[in-house]
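Right, one structure below, let's go through it.
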Amino acid sequence: MEKEYNPKEFEEKWYKYWEENKLFKAEDFSKKPKFYILVMFPYPSGSGLHVGHCRNYIPADTYARYKRMQGFNVLHPIGYDAFGLPAENYAIEHGVHPKESTYKNIENFRRQLKMLGLSYDWDREFATSDPEYYKWTEWFFELLFKRGLAYQDRSFQWWCPHCKTVLANEQIIDGKCWRCGTPVVKKELKEWFFRITQYADKLLEGLDRIDWPERIKSMQKNWIGRSEGAEIIFKGIGPDGTEYDLPVFTTRIDTIFGVTFLAIAPEHPLVMKLTREDKVEEVKKYIEEALRKFETERLSTEKEKTGVFTGCFARNPFTNELVPIYVGDYVVYSYGTGAVMGVPAHDERDFQFAKKHNLPIKVVISKDGNPVETLEEAFTEDGILINSNGFSGLKSDEARKQLTKYAEESGFGKGVVRYKIRDWLISRQRYWGAPIPIIHCPEHGAVPVPEEELPVLLPDEVDFTPRDTGESPLANNPDFVNTTCPLCGKPSKRETDTQDGFACSSWYFLRYADPHNDKAPFDKEKIKYWLPVDLYIGGAEHAVMHLLYSRFYTKVMYDAGLIDFDEPFKKLLNQGMILGADHQKMSKSRGNVVNPDDVIKEYGADTLRAYILFIGPLDTDAPWSTEGINGVNRFIKRMWNLFIQLENKSIGKEKPIEKEIELMTDKMIVKITEQVEKFKFNTMISSFMEWLNFLSKIMQEDPEVMETKAFRESVLTFLTMIAPATPFVSEELYHRLGETGSIHTKEWPKPKGIYKEEYVTIIVQVNGKLRDKIEVEAGSELEDVLDLVKKSDKIARLGIDFDKAKYIFVKDKLINIVA
RNA sequence: GCGGGAGUGGCGGAACGGCAGACGCGCUGGAUUCAGGUUCCAGUAGGGCGACCUGUGAGGGUUCAAAUCCCUCCUCCCGCACCA
C-alpha cells in the first residue's frame, strides 16, 4: 500500500463509509444527553461555498464530533436559506428559472459540504423554498395574523431601486440596501408588518438570560432603544388665540423649569397653525429647505442647529410661562412626539440653539444645590434642582418621579416609555419567496387562506421581472391572483407580495427537530427534546436582523403555547472573517478570493480544516496566508510520515522512556480537552504540533521506541483526539495501524492521572525577578527548596541575607525571595 | 458623542496575577541534492564580549510578583448616533 500521504486516495471513501453507517444520525429521544449545535444555514449562491463558510462550519463540525465522542446525542443539521433575490436576478439575466438554479446550486453546496467532511445528519436537510417547508412559513404568518401581530399599513417605506422591493428598517445599513448596497429611497406603499414593537420589552429582558457576545447584545439593546421618560402637554397658542395640545417627550422632566423655548420638527402637522401671519413666508421657506436636504444632510451630527421663530408661543403647564415656538430641523419627527422642550442649560443641542438665537438660559440643576451664575456649556448630568418652585432641593431622579406624578395628577402629562425599534415590514415585491397566504375580499378585507388549503404554492409560470411600481411579479399571473373569498365565495384577489426571507429563517432551527412532519410545523415532544439550540455559530452581521427576528418568532410561539422556552439560542458564537492575503475583505473585484475547492484539490480537506482551526481565535478576523496553509500541510504530512511507520509493527520490548511518553500523553489529554471546551481551536492545533514534535524527537533518538506499547498508545490517542479536526487522515491512519471500527465512534480519551511527575521545575525569583530555575522533587516544601536554592551559583553571587529575607512560596511552581 | 472590542517580535498569534513571545510562518546557517524544490538539524525580541540590562500603545497605581487587576490618556476596529 501507498506509504505517501495522498488524501485523494481515501477522503471520498471514508465520507461514503460514514454516511452509509449513519455515523452522524441524531436520534430522537435517545437516552444519551442531547446537544444541539447549529450553524447559520447558507444562502445557496451560484458561486458556491467560500472560505467564510468554512470559518463557521469547520470549527462547529469539530465541536460536534467532539461532543459525539463525549457521549452526547448530537443534532448537527444543515439546510439552505434558499429563497431570495439573487436567484431571481440570475434568472432574469440568464433565463433560468429560480427554482432550477436554486436546486442546482444546492447540489453543488451539498457536494462541497461533504467534501469538507462536515458531519451533518443528512436525513434532516431541507431548503426554505421546499413547499413542504414554506407551507409552515405561511402557517406562521397566519398564526401571527390571528394573534393580531400582522397588519397592513400604507406609509412611506424604504425602497431599494435595484432590488425593486421595500425593506425593513433593520435591513438598511447606512442608508443602503443590506444586500446590494444601493442607496434606498422613500416610497409610499401599503405593506404588511409584524408587530415586533409589541415584544420590545420581552426582547430586551431576554438578553439578560442568554450567553451571547456582549457586542451582539448591546447592538440589540441599542436597536430596541428603550427610553423612559414623560410626555408633557404644552399648550400652543395660535395667532388667533386658539390653543392646541402640543405634547413633548422628555427623559429629563427634572429640567422642566428650565424650558425657555419649544422646537418642533418641520414635518409637524401643527406647524402652520402655530405660525403668525408675518412669519408664514419665512417658516414655509425654512420647511421647504429642511425637507429637501432631508435624508442626507439631516443625518449629520456635526451640523449647526438651525431653526426659525414661528411668532407663536406655548404655555409650560408647570409654570404657565409662555415660551417661543421654533421650527428646527434637528428635531426628528419620527421619534417621540416630533416636538421637544428646549432646556439650554441642561442639553447640549438646546444650548447651541439658544446661543444662536439669543434665547435665555435658565439654570435649574446644579451639582450641589447651590445657585450657579453662568454656564460655559450645558450641564447635562443629574444633580439637585434649583429655581424649581416646590421641587427645588430634590435630586434629579427623585424629582423625575415626583414631577411625573404631579403631571399625571394635574392631567397634563404622563410617564411613558419610548422605543426606537419599528415594526418589521415583511412584504417584498419579488417572486422568489414564500407567498403571503392572504385573500383580499371586497367585503371581508384581508382573509387568511384556510389552513387545509396551505401551502399557497408559488406558480412556476411567471414573468418574474421586477417592476418599479411597487407591484410584485405575481400580480401579473391572473391564475394566481383571481380566487374566491374563503368566507363568502365572492371573487377576490390573492395577496401578491411574498414574505421577507428573514421570515423563513426565523423558525428553521425548530424544523430540524422534526423536518418531515406534514401535519404540523413540528412535533411538540421532539421540540421539547431537542430545543433550545445549545450552541449557535454564525456571523455578527445578523445581529439585528436574523437574530432579532428569530427571538421574536420564538417569543410569539411561546405565547401561543407551541413551545416551552422563549429564547431560541442559549449560547452564541460569532466567527471572525477570513480576509484576503492583503488583509482586505475578500471580493471578486479585489481578486483575493480563495476557493475551498482549489485548496482541497491541492492539499486535501484535512489540511484546509486544520488550517482554518489554526488561523486564529474563532471570533477574530484573520488573513488567509499561503505560507500559513503550507505550514499546516507540512504538519499533516509529518504526522502521516511518522505514524505510518507503525503500520505492521508489533509491540517489542519495554523501554524506560515509556513513562515519559505516558506522562506526555496524559498531559496532552488534559490540555487539549480544555482547549476544545473553550473553543480555542488555534491553540489546540498548536498542542498537537507540540505533541508530534515530542514523538518525532524521541523516535529519532531511538527508532525502537516505535515498538513500545506507550508509543503506540500515544499515537492512537493522538489520532483519536485529532479526529474531530482532521477526520479523514485520522480514520485512514487508524485503520492502517490495524484498528477496526470507525475512529469517530471511539470514546474521547480520559487522562489516567496515575502518573505524577517526580521532578518539577521551580522558578526562583529574587525580589520578583527571575534568577534561576531548579529541579526539585514534586511536592517539596519551602525548607527543602530553600536548601537547593542556597546551593545555586546564580543565587549565591547575589549575596542575599537568607535569615532576614521573606519568602513567597507556591508549591511545585515558584519561590520568590524578598530581600 | 454613546456602547462594544482590541493594541505583545519581521508576520499570524501564545500566555490572561507567578519562566513574556508557545505553535506556525518568514529569515539565517548547516546536512541531503548536479541544481531548484522537498526533507532534516541548529539559530532567530532588542542591547552588551560577558555576568547582566531593557522590553507587551503611553503614563501612574495596587501587589512579594502585572502583558494580565485599578486609574488617566492615546491609537485602531465594529455598532449606534441631532433619539430629546
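Naming convention: chains lettered A, B, ... in sequence-line order (proteins, then strands); numbering from 1 in each chain.
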Going by purine N1 to pyrimidine N3 plus the second Watson-Crick contact, or the G-U wobble pair, all under 3.5 Å, which nucleotide sits opposite [N]?
N	value
B:C64	B:G18
B:A45	B:U54
B:G3	B:C78

Can you say whether a donor on the side chain of [X] sits under 3.5 Å from an acceptor on the base of [N], or the other way round?
X	N	value
A:N816	B:C64	yes
A:K773	B:C19	yes
A:Q765	B:G18	yes

Counting any heavy atom closer than 4.0 Å, what does [X] reach on the DNA or RNA strands: base, sugar-phosphate only, or nothing?
X	result
A:R634	sugar-phosphate
A:D350	nothing
A:N682	sugar-phosphate
A:T250	sugar-phosphate
A:K813	nothing
A:G616	nothing
A:I615	sugar-phosphate
A:K697	nothing
A:N630	nothing
A:F614	base
A:V340	base
A:P213	nothing

Given [options], identify the nucleotide with an atom nearest to the side chain of [X].
X	options	result
A:D329	B:C25, B:A81, B:C82	B:C82
A:Q700	B:C40, B:G26, B:C82	B:C40
A:K680	B:A15, B:G4, B:G26	B:A15
A:T251	B:G26, B:A84, B:A22	B:A84
A:M689	B:G13, B:A15, B:G24	B:G24
A:L770	B:C83, B:C78, B:A20	B:A20
A:N693	B:C83, B:G18, B:G24	B:G24
A:E214	B:C64, B:G5, B:A84	B:G5

Any [X] side-chain N or O less than 4.0 Å from OP1/OP2 of [N]:
X	N	value
A:K769	B:C64	no
A:R771	B:C53	yes
A:T761	B:C19	no
A:Y335	B:A84	yes
A:K794	B:A51	no

Without decimals, in angstroms, what is the distance between A:E377 CD and B:G1 P?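 After rounding, the reported distance stands at 12 Å.
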Whole-Å distance between B:A15 C1' and A:K671 NZ?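 Spelled out: NZ on A:K671 to C1' on B:A15 is 10 Å.
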Under 3.5 Å, is there a donor-acceptor pair between the [X] and [Y] side chains?
X	Y	value
A:Q171	A:R179	no
A:N633	A:T607	yes
A:E775	A:T761	yes
A:Q675	A:S687	yes

Are the aromatic ring centres of A:F261 and A:F309 under 6.0 angstrom apart? no
Pick the C1' atom in B:A66 and in B:G18, then give their distance to the nearest Å. 10 Å
Can you classify the ring geometry of A:F718 versus A:F643 as parallel (below 30°), tilted (30 to 60°) or perpendicular (above 60°)?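 Answer is perpendicular, since the angle exceeds 60°.
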For the pair A:W424 and A:Y549, name the ring-plane relationship: parallel under 30°, tilted 30 to 60°, perpendicular over 60°.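 Ring orientation, 0 to 90° scale: parallel.
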Does A:K362 reach the side chain of A:V343, with side-chain heavy atoms less than 4.5 Å apart?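 Sidechains of A:V343 and A:K362: no contact.
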Glycosidic conformation of B:G9, syn or anti, with 90° from 0 as the boundary? syn
